[in-house]
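Scroll down for the structure; my scribbles are underneath it.
Keep in mind that this is a model prediction, so the values were computed, not measured. Here is the naming used below: chain letters follow the sequence lines, and residue numbers restart at 1 for every chain.
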Amino acid sequence: MRAFFFLSADFLRANLRQVPAILLWILSVGLVLSSATALWALPLYPTVKETQPHRLFFLALSPLLSEAEITKLGWTIWAWPEIANVSFRFPGEDNSESFQERTLVVELAPTANREEVAQKLGKLPGVTKVTAYERVLTPPPVPSIARISAIAAFVLSLGFCLFWGVRTAAKSQKLWREESALLRDSGLPPLYWRSPVFFFAGWVGLLGAGAHLCALWLGMRFIPPDSIWTQIYTLAPWATGLGIPAGVMLGVLAAFLSPHS
Amino acid sequence: MLAIQVAELRFATEEGVWVLENLSFSVHRDGFVWVVGPPGSGKTLLLRILLREVRPHGGQILLLGRNILRLSPKKFYELRKKVGYVSEEVHVLSGRTVLGNLQFKMRALGIGGEAATEAIERALDLAELHGYENAYAKNLEPLELRRLGLALALCPDASVLLLDDPLRGLGKPEQDAFFSTLERINQAGVTLLATSREAQPLLARGFSPDSTGHRGIVYLREGAR
C-alpha cells in the first residue's frame, strides 16, 4: 500500500507540468454534473402541489403602532400553529399586491380554518382591517429553449469532458512513461504501473464533483421563488449524493478509455 | 546447481513461423551464457518467455528451480524479484540522478530504510557506479547508462540477470569496460544470460559453444517457415 501511494504521488508530481489541462478537465467534469442536474431539475409539466392556492390575510395596521410593536405582533401571529408565514409590507411597496397602509401578510397553514383565524386576527390590538386573499401561483411554462439548452449543454459537456479527459490522461501517462517502463522492466505487475492514472483520474473526478456541488449550493441562494428551477431544492441532496460517485466514475472512465503508453 | 533450464522450447508466430524450435540449454548458478543469433532469431523473444511476458507453444522452463509456466501469478511475482532484466533500450528516469533512479525503484517495491540503502550500495558497487551517484541519467555516457541499467536490474537482490543485446551501440573500449563490469557481477554470484548478434567478441573472451552452462554460447538460427 505504501508503494501504491508513493507511485500515485510520483504520478501527480509528474503531472504538475500540465496543471492548466487538469484544471480544465476538473471543470469539464463539474460542467457535466451541473448540466445533468439542470436537465433533471427542469419540470416536465406543472405539478398539482404547485397549483394549490396560497391562503392569505392582509392585516392593515394602525398608524399608531411603533416599529417594535409591529415586530412583536408579527412574532405573536407567527407562533400560532395555524400560521405558515408572516411578512411585512410598507405602503406603496412594489409587489404583486399594492397596499395603502402598513400591512402584515399572513399565510395560513394548509389545514387551518380560515374563519377561526380571521376572527382571532381581527381581535388583535393595532389591526384595523383583515382582508382575506387567495393567491394561485401558476408555475411559468418551461420554455422549450431552456430544455433544448439544457440537453445541448449536457451532451456537449459530456463529449468535451470525455475527449479532454482521455487526452489529458494519455498525456499524463506519457509524462510518466519512463517510470512505467522502469516498473515494467522490474517485473512489477501492470496493476502497479497502470493504477496511478486511475487514482489520479478518480481525484480529478472528485474535484470536478466538488466544483459542481459548490456551483449547485451557491446557485440555490440566488434562485427566485417563482423560477422554473425551484425543483432544484428537492433534488439538491440527490444531486450531491449521486454527483460525487458520478464525478469519480467520469474521471476513471476517461482514464480507462485513454491509450496507455 | 542450475539457475536456468530450458528444455525443448518451441514458439511459432501467428503466421506459422517457428522462431524457436526445440531449444534446450541450461545455465549454472555461477554461469555466464550468451544467446547468439541474427535479428529475428528469437533472442528477445526467449528473454520475454523467461520473464513470462510471452507464453511458449511447448517445452519446459525452470528458473531458479521453479517451473515458471506452472506458477501462480503471485508466486511468479515473488520469483521475478530475483530476476533482473535490462532491455535493449535501457529504461531509466532521465530527469533523476543515478541515486534517484535506484531510490525510485526501491520505493516502488515498498523497500525502505536500511534494506534499501544496503541494496543500493551493493548495486552501485557491482555496477561500478560509485562516483556517479549524483549524476543525472540524461547526462550519462552510453557506458554509464548501461551500468545504471545493470544497477537497477540488480536491485534489490537479483540473483539472475537477463540482458538484451547489452553490447549493441558500444565502441570497443566501452565494450571491454562493460564486459569487465559483467564479469565482476558474475563473480559476485549472479547468473548472467545475455543476447548478442555477434559471436566473435564473445569467442575472443573465452566463451565457447562447447561449454554451455558456465561460460557458454547458445546459437539460435533464423526463424524458418
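Contacts of V90(B) with chain A are absent, with no heavy-atom separation under 4.5 Å from either backbone or side chain. For chain B, no part of F4(A) is nearby; none of its heavy atoms comes within less than 4.5 Å. Proximity to chain A (any heavy atom under 4.5 Å) is shown, for R52(B), by neither the backbone nor the side chain. For L188(A), the parts lying near chain B are the backbone and the side chain together; criterion is any non-hydrogen pair under 4.5 Å. Contact annotation for F104(B): both backbone and side-chain heavy atoms come within less than 4.5 Å of a heavy atom of chain A.
In this structure, the side chains of L152(B) and D185(A) stay at 4.5 Å or more apart for every pair of heavy atoms. Between W176(A) and L93(B), the closest side-chain pair of non-hydrogen atoms is not below 4.5 Å.
Nearest heavy-atom pair, G110(B) versus A3(A), reported as atom, atom and distance to 0.1 Å: N-CB, 3.9 Å. Between A181(A) and H91(B), the shortest heavy-atom contact is CB-CG, 3.6 Å. Between Y77(B) and P189(A), the shortest heavy-atom distance links the atoms CE1-CD, 3.6 Å. Taking both residues in full, the closest heavy atoms of E178(A) and S94(B) are given as OE2-OG, 2.7 Å, listed atom of the first, atom of the second, then distance.
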Could you go through the salt bridge (charged side-chain N to carboxylate O under 4.0 Å, His left out) check for E179(A) and R96(B) one step at a time? CA-CA 11 Å; E179(A) 283 80 355; R96(B) 299 186 204 215; 3.1 Å; yes
L182(A) and K105(B): side chain to side chain contact (heavy atoms under 4.5 Å, CB included), yes or no, with the steps? CA-CA 8 Å; L182(A) 196 154; K105(B) 181 170 176 184; 4.1 Å; yes
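The distance from the NZ atom of K81(B) to the OG atom of S186(A) is 12.0 Å, given to the nearest 0.5 Å. F6(A) CZ to Q103(B) CD: the interatomic distance, rounded to the nearest 0.5 Å, is 9.0 Å.
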